Amino acid sequence: MKIAATYDISTDSIFQHFGKTQAFKLYNIEDGKVTESKVIDNGGFGHHDLATYLKNLGVEILILGNRGQGAIDALNNAGIRQLAGITGNPDEAVAAFLNGTLKDNPDAKCNHHGEHHHDSQPSVSFKKI
């Protein structure tokens, strides 16, 4: 079995926005144990295309922070089980999953689409005077 976790290389933690993740940590599991792990980039994909990318890598389970409804649908359509709302170190999360103690939050979603996806455009707020 293959498990992937969204990965923030700079903090060695689970990245919290699936569609913007730059890396994944992949784990090969045999007989309930991690036999290999490695960090890979996102393949140049974002949002919905990431589900197909992960499926093509053989990923069956994805450990992640948050994701939008489009990503939820794409991951479901790809047959990838999602364990969402997870924070902290991905190695510890995988160990907890294998021990049956990882607590999933299926309601963990990004509800801010369109608010910050265009980083090149500054956000402006106005104060009423």
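Computation of the quantities below employed the complete heavy-atom set of this structure, encompassing side-chain atoms and omitting hydrogens, waters and symmetry-equivalent molecules. Because the structure is predicted, anything quoted here is derived from the model rather than measured.
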Close side-chain approach of [X] and [Y], heavy atoms under 4.5 Å:
| X | Y | value |
| --- | --- | --- |
| Phe18 | Leu62 | yes |
| Ile40 | Tyr53 | yes |
| Ile72 | Gln82 | yes |
| His17 | Phe15 | yes |
| Ile61 | Met1 | yes |
| Asp12 | Asn89 | yes |
| Lys25 | Asp91 | yes |

Over all atoms of both residues, closest heavy-atom pair of [X] and [Y]:
| X | Y | result |
| --- | --- | --- |
| Ala108 | Gly65 | CB-O, 3.8 Å |
| Leu26 | Ala4 | CD2-CB, 3.5 Å |
| Ala51 | Ala78 | O-CB, 4.0 Å |
| Lys2 | Gly58 | CB-O, 3.4 Å |

Requested in this report: Tell me who clusters with Tyr7, hydrophobic residues only, linked when side chains sit under 4.5 Å apart either directly or through other members.
Outcome: Ile9, Val39
Query raised in the report: Where the side chain of Asp49 meets the backbone of Phe45, is there a donor-acceptor pair that is under 3.5 Å apart?
Result: no
Query raised in the report: Transitively linked via ILVMFWY side-chain contacts under 4.5 Å: Leu57 with Leu75?
Result: yes
Query raised in the report: In this structure, which one of Ile3, Leu98, Asn28 forms a side-chain contact (heavy atoms from CB on, under 4.5 Å) with Val34?
Result: Leu98
Query raised in the report: Name the one of Ile29, Leu83, Ile86, Asp104 that satisfies side-chain contact (heavy atoms from CB on, under 4.5 Å) with Phe97?
Result: Leu83
Query raised in the report: Run the side chain to side chain contact (heavy atoms under 4.5 Å, CB included) check on Leu50 and Asn42 step by step: do they pass?
Result: CA-CA 7 Å; Leu50 285 172; Asn42 66 3; 3.9 Å; yes
Report task. Show your working on side chain to side chain contact (heavy atoms under 4.5 Å, CB included) between Val59 and Phe24 and close with a plain yes or no. Result -> CA-CA 11 Å; Val59 172; Phe24 292 95; over 6 Å; no
Query raised in the report: Can you tell me how far the OG1 atom of Thr87 sits from the CG atom of Leu64, to the nearest 0.5 Å?
Result: 11.5 Å
Report task. Starting at OG1 of Thr6, measure out to NZ of Lys20 and round the result to the nearest 0.5 Å. Result -> 14.0 Å
Report task. Answer with yes or no whether the side chains of Asn99 and Thr101 bring together a donor and an acceptor at under 3.5 Å. Result -> no
Requested in this report: Verify the distance criterion only: is there a donor paired with an acceptor across the side chains of Asp8 and Gln16 at less than 3.5 Å?
Outcome: no
**Report entry** Residues Ile80, Lys55; criterion side chain to side chain contact (heavy atoms under 4.5 Å, CB included); working and verdict
**Finding:** CA-CA 7 Å; Ile80 297 174; Lys55 182 67 175 178; 4.3 Å; yes
